[in-house]
Participant: 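The structure is given below, and queries will be raised subsequently.
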Amino acid sequence: MQEKQYLMIPGPTPVPPSVVAAMSRPMIGHRSEDFAALHRRIQEKIQQVFQTSREVFILTNSGTGGLETAVANVISPGDRVLALITGNFGERFANIARAYGAEVDEVNFGWGNPVDLQVVKEKLARDQGYKAVLATQNETSTGVLNDIAGIGALVAETPALLLVDGVSGVGGIEIKMDEWHVDILITASQKAMMLPPGLAMIGVSSRAWAVIEENRSPRFYFSLPAARKALAKWNTAYTPNVALFFGLDAALDMMLAEGLENVYRRHLLLSRATREAVKALGLSLLAPDHCASPTVTAVYSPDGIPADDLRKVLKQEFGITFAGGQGILKGKIFRIAHMGYAGKMDVLIAVSGLEMALARLGYPVELGRGVRAAQEVFLRGEL
């Protein structure tokens with residue numbers, strides 16, 4: 001059964017059959033009236049997910065390309081930037097800003113910890129000279145969820161713009177771009193949006209546009225003014241991935257049919273079940289409950305069992321793929337995604353496979369204990 005695989009990583013995630021079917025539609029011209037109608041439909045739907053009245057630009061590149069687009073359009077050489085770091089992707093955001101000549105002031109809260117709002121408040125009170133603040137909604141490398149509403153309220157009291165990496169959160173975790181004072185919000189297609197990799201989606205506030213129009217950094221493909229000019233005609237500045245646009249249209253339909261509140265509740269329930277199962281097996285979670293990600297759970301491998309050995313057994317014997325650790329956590333943790341096109345049975349399969357892999361590697365596991373803990377969460381339906 002080599003073709004029977006269970007993908008439980010935080011991107012790319014499984015793609016629903018209806019989305020695959022949509023992407024298989026006959027190609028259309030990207031300068032046609034049909035594409036303009038498609039683009040307009042998508043815009044109306046994705047604004048609901050971002051909870052914004054502003055334009056959301058859909059660019060044909062990766063999530064990292066989306067982060068670079070945000071930086072390229074806001075940061076000029078010599079600008080001061082405050083980077084709030086809780087893991088690998090927070091570090092990546094900061095490094096992109098450095099590549100564009102920013103003077104980056106990092107506040108590292110430690111891998112596995114969330115942003116401390118009091119620290120941010122004190123930092124902003126001492127120094128009003130930041131051009132932008134970089135934050136990560138959902139730190140994929142650690143399974144930590146940050147308080148973007150709280151960060152947004154603090155940054156809104158300063159001249160700085162708030163740039164948010166929502167790549168592994170948007171679509172699975174609620175975010176209110178306008179209400180929470182997010183100036184640029186970035187996500188990508190291959191995570192909670194239930195698509196293959198290849199699209200970045202970027203919401204831009206009116207406050208951000210005043211900065212973008214005066215920015216001195218060179219930009220061509222990543223130019224938001226060029227994207228805005230094209231969007232006025234329901235077009236794109238450069239050739240889009242038309243098939244992924246078809247898929248995005250279908251994926252948004254699925255999300256809105258389920259109801260966004262139900263989508264967010266489903267992700268929270270899957271997270272709760274996964275975490276309770278892990279605890280029942282005697283394993284340690286990286287992120288504490290109060291800041292646990294609804295879309296990905298990071299778990300320490302037991303002493304004496306390298307995380308990558310555990311992942312190898314899961315993949316080879318049971319066809320289940322978990323993600324490994326990154327950076328300082330490489331080889332120490334594994335990550336279970338419950339993101340996008342994921343349901344209760346996906347979690348039960350993942351936990352059952354984890355139990356068998358642990359047993360195969362000599363860990364004293366009581367088979368069925370973790371599965372039962374997850375089942376009880378699902379039967380109670382409590383968050």
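Hydrogens, waters and symmetry mates are skipped; everything else that's a heavy atom, side chains included, is used.
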Participant: Group every Ile, Leu, Val, Met, Phe, Trp and Tyr by side-chain heavy-atom contacts under 4.5 Å, then state whether Ile28 and Ile58 land in the same group.
Facilitator: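 Yes.
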Participant: May I have the step-by-step check of side-chain hydrogen bond (donor to acceptor under 3.5 Å, both in side chains) for Asp346 and Tyr6, ending in yes or no?
Facilitator: CA-CA 8 Å; Asp346 295 296; Tyr6 303 94; over 6 Å; no
Participant: Give the intermediate values and the outcome of side-chain hydrogen bond (donor to acceptor under 3.5 Å, both in side chains) for residues Arg92 and Thr64.
Facilitator: CA-CA 8 Å; Arg92 178 178 296 184; Thr64 300; 2.8 Å; yes
Participant: Tell me yes or no: between the side chains of Asn88 and Ser141, is some donor less than 3.5 Å from an acceptor?
Facilitator: no
Participant: Could you tell me which non-hydrogen atom of Val81 sits nearest to which non-hydrogen atom of Ala102, and how far apart they are?
Facilitator: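 Here Val81 and Ala102 meet closest at CG2-CB, 3.8 Å.
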Participant: Using a distance-only test with no angle check, is there a side-chain donor-acceptor pair under 3.5 angstrom linking Glu55 and Gln47?
Facilitator: no
Participant: Is it true that Tyr238 and Phe220 have ring centroids separated by less than 6.0 Å?
Facilitator: yes
Participant: For the backbone of Gly143 and the side chain of Ser293, can you confirm whether one donor and one acceptor N or O come within less than 3.5 Å of each other?
Facilitator: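 Side chain of Ser293 to backbone of Gly143, a donor-acceptor pair under 3.5 Å: no, none is there.
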Participant: With side chain to side chain contact (heavy atoms under 4.5 Å, CB included) as the test, pick out the partner of Ile184 among Leu67, Val74, Asn73.
Facilitator: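 Filter result, single survivor: Val74.
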Participant: When you measure from the centre of the six-membered ring of Phe246, is the NZ or CZ of Arg25 closer than 6.0 Å and no more than 45° off the axis?
Facilitator: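 The answer is yes, since Arg25 meets both limits relative to Phe246.
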Participant: Does the pair Asn146 and Thr136 meet the rule for a side-chain hydrogen bond (donor to acceptor under 3.5 Å, both in side chains), with working shown?
Facilitator: CA-CA 7 Å; Asn146 286 310; Thr136 308; 5.4 Å; no
Participant: May I ask you to check whether Asn95 and Arg98 show a side-chain donor-acceptor distance below 3.5 Å?
Facilitator: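 On atom types as modelled, these side chains qualify, holding a pair under 3.5 Å.
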Participant: Counting distance only, does the side-chain N/O of Thr13 pair as donor-acceptor with the main-chain N or O of Met194 below 3.5 Å?
Facilitator: no
Participant: Do other residues, nucleotides or ligands put more than 12 heavy atoms under 6.0 Å from Lys344 NZ?
Facilitator: no
Participant: Residues two or more places apart in sequence or in another chain: which of them pass salt bridge (charged side-chain N to carboxylate O under 4.0 Å, His left out) with Glu366?
Facilitator: Arg369
Participant: Is the cationic atom of Arg228 (NZ for Lys, CZ for Arg) positioned less than 6.0 Å from the six-membered ring centroid of Trp209 and within 45 degrees of its normal?
Facilitator: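 Here Arg228 passes the 6.0 Å and 45° test against Trp209.
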Participant: Report yes or no: do Asn241 and Thr60 form a side-chain donor-acceptor pair below 3.5 Å?
Facilitator: no
Participant: Thr295 and His338: side-chain donor and acceptor closer than 3.5 Å?
Facilitator: no
Participant: Could you check whether Gln5 and Lys315, counting side-chain N and O atoms only, form a donor-acceptor pair closer than 3.5 Å?
Facilitator: yes
Participant: Any side-chain heavy-atom pair from Thr158 and Val155 closer than 4.5 angstrom?
Facilitator: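 Yes, at least one pair of side-chain atoms sits under 4.5 Å.
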Participant: Using the salt bridge (charged side-chain N to carboxylate O under 4.0 Å, His left out) rule, collect all pairs that involve residues 285-295, keeping only residues at least two apart or in two chains.
Facilitator: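 Every salt bridge (charged side-chain N to carboxylate O under 4.0 Å, His left out) pair that includes a residue of residues 285-295, provided the two are not neighbours, is Arg275-Asp289, Lys279-Asp289.
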Participant: Has Arg266 got a side-chain atom pairing as donor or acceptor with Gly340's backbone, closer than 3.5 angstrom?
Facilitator: yes
